[in-house]
Amino acid sequence: MKKWIWYITSIIFILGISLFAYGFSQAIAIGIEVNRAPETAQPAQENSVKPQEVDAALVMGDSLARGTGDETGEGFAGYVIKGLEASRGESLPLYNIAVEGLRTDALLSQVNDPQTREGIRSSSLIMISIGGNDLRAIERLESNQESQYFKESLDSYLVKLDEILRIIRTENEDAPIVFIGLYNLDYSPSNQERSQYLIDWNQSTQRILESFEETLFTPTYDLFKLNLEEYISADGLHPNSKGYAAIGDRILKNLGD
Amino acid sequence: MVKLIENEILKTFYKKRIHVIAGILLVLIALFAYGEHYTLTRTQDRVAEQLGIENAEDWKNIIGQQLQDLERRLDNPYIPDEGKASIQVRAEQLRFYLDNDVSPIGSTAARFMGQFIEQSIFLFLPLLIILLAGDMVSGEVNSGTVKLILTRPVKRWKILMAKLLALSMLEMFVIFMMALFSFAIAMVVFGYSGFNEPVITGFRVFEGQLDTSAVRTIPQWQYLMMTYAIGYFVAFVIGSLSLMVSVLVRSTSASIGIMMSTLIGGSFLSFFISDWKLTRYLFTVNLNLTSYISGSFQIVEGLSMTFSTLVLLGWSFGAIGIAFLVFTQKDILA
């Protein structure tokens, strides 16, 4: 008689049942909670905490504005703020509302949002990095479609950029707007055609910016050209902390404050 | 009564049913683990290549950056509280990877155990249980031993009850083997247990939109306990259905065949007529209970954890009721 088979199955059964009774009741609890309708969201005006300080800096745009790739997590905006705080001797809060992978159309709708408008109104410095993701789609195209695509996306980009700057200026007439130009990832002459697009893009951007008061176009194209190895992070796309510090440095010098 | 149950369990072991199931489990888990390992190494290579990093150790930098980014986002007054909940959950997970030196693109024994039960709960596990339960009664009829049993001075309902309880214990044994084998094999292949790793749960779809406000993390062992408990529940439901069919039908092969075709046909049906309301009351549609806690999407709208559990319980009790009714009334002639 193999009595041990009986014992083992009994022990496993008793242990298992007690364990699973607990597990199953928890699973049901989670299942019920998942199924319950969430509480209706309150209107945004009531539950949002708005930054009331008149003196704050705002940075918006794509992953570059967010600081992706920086091992210290600062991003160029972080370095700018640090520099400003050091020279002014007072703290300056920074609000980073940048979103990775953001394109110009998404930034336009973000800027249109009442909450962002409120933030723009209460900022004394606004920094923007946008357009890199709009232009980067060109890399996936066949070379014969490139110039057509470039023209179209540049045109629509400029219209939206103009709109964004206009909104910022209606909300806030005098805060300096710093715009970060695009850098290249391949400066070699074999990539000349695409580099040309990038230069065109930057120049058109600068032209739009110059039609507004108190705007600063900060080029990065030249900054990265000879320092590419040193300034690009492990992902091969975003700057590392050195690269961001270099951009921040340049902005600080331009602000001259 | 205990003697009767013990007897039933020993019969199953002597008939080598458990050995067959253990063999199937071992082979399948080994294959599954190998496949998982193979895809993982390839994914790791691809990810490393994409990120431009030399070896898999560099993932720490990238995760560290993501974590910092999330933490900064938490300080951001522009992000509403609902959004912050999901950021917090994600950050907690990333922190675990860093603190415990576990690569998020790798796999652990615990993760593998969870995946295995999630993948097998709606087809593979039921098939094993059908194999186990299909001949509980019809096997006795087949071999004629049923006459020997029924001539004993034991009430018929007691005999069937002993079979049902023995089956419940054997189902637990199968679940136990499943957990043990998948843990042991995955431990050999992946080399890290990872029972404390936080798992994200609580996703819900509300009015067509993914709602993350209820998202939270629970440790992996707790998640496994829940999924395996659900696995046992499903095994019990399938077991009682098989027992009923086994009472109704005389031959073992017919009993197993009927259950298998119902199971497979039922899951086909749910794919083809998912907008027909009545299909949600089929037991096959409701077997995938783990998807409610893991946050996978549902095929049929309007299903929920409670609904599925109740439907399965209904099927199970109905089947047990019919089985007892028929077994106590039926003339055993053959």
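Order of the sequence lines fixes the chain letters, A, B, ..., with proteins taken first and strands second; residue numbering starts at 1 for each chain.
Using a 4.5 Å cut-off between heavy atoms, F233(B) contacts chain A through its side chain alone, with no backbone atom that close. For T72(A), the part lying under 4.5 angstrom from a heavy atom of chain B is the backbone only. Contact of E74(A) with chain B is made through the backbone alone, with heavy-atom distances under 4.5 Å. Both the backbone and the side chain of S168(B) come within contact range of chain A, each with at least one heavy atom under 4.5 Å from a heavy atom of that chain. Interface remark: I9(B) contributes side-chain atoms only to the contact with chain A (heavy atom separation under 4.5 Å). Neither the backbone nor the side chain of D113(A) comes within less than 4.5 Å of any heavy atom in chain B. Neither the backbone nor the side chain of L67(B) comes within less than 4.5 Å of any heavy atom in chain A.
One distance of note links CD of E8(B) with CH2 of W6(A); it measures 11.0 Å at 0.5 Å rounding. To the nearest 0.5 Å, atom CG of residue L289(B) and atom CD1 of residue I28(A) are 7.5 Å apart. Going from atom CE of M169(B) over to atom CD1 of I12(A) covers 9.5 Å, rounded to the nearest 0.5 Å.
Minimum interatomic distance between A229(B) and G23(A) (heavy atoms only, all atoms of both residues): CB-C, 4.0 Å.
Across I5(B), I18(B), T227(B), the residue that shares the most heavy-atom pairs under 4.5 angstrom with chain A is I5(B). Heavy-atom pairs under 4.5 Å with chain B peak, among I5(A), I14(A), I8(A), at I5(A).
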Legend entry - Pair I175(B)-F20(A), side-chain contact (heavy atoms from CB on, under 4.5 Å): steps then yes or no: CA-CA 11 Å; I175(B) 297 280; F20(A) 286 173; 3.8 Å; yes
Inset, instruction - Let me see the working for F13(A) and L165(B) under side-chain contact (heavy atoms from CB on, under 4.5 Å), right down to the final yes or no. - result: CA-CA 10 Å; F13(A) 181 67; L165(B) 289 175; over 6 Å; no
Inset, instruction - Could you check F176(B) against L15(A) for side-chain contact (heavy atoms from CB on, under 4.5 Å), going step by step and ending with a plain yes or no? - result: CA-CA 10 Å; F176(B) 173 76; L15(A) 285 181; over 6 Å; no
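Atom NZ of K225(A) has 12 or fewer heavy atoms from other residues, nucleotides or ligands within 6.0 Å. Counted within 6.0 Å of NZ on K11(B), heavy atoms from surrounding residues, nucleotides or ligands total more than 12; the atom is thus considered enclosed.
Residues L19(A) and Y228(B) fail the side-chain proximity criterion, which asks for heavy atoms closer than 4.5 Å.
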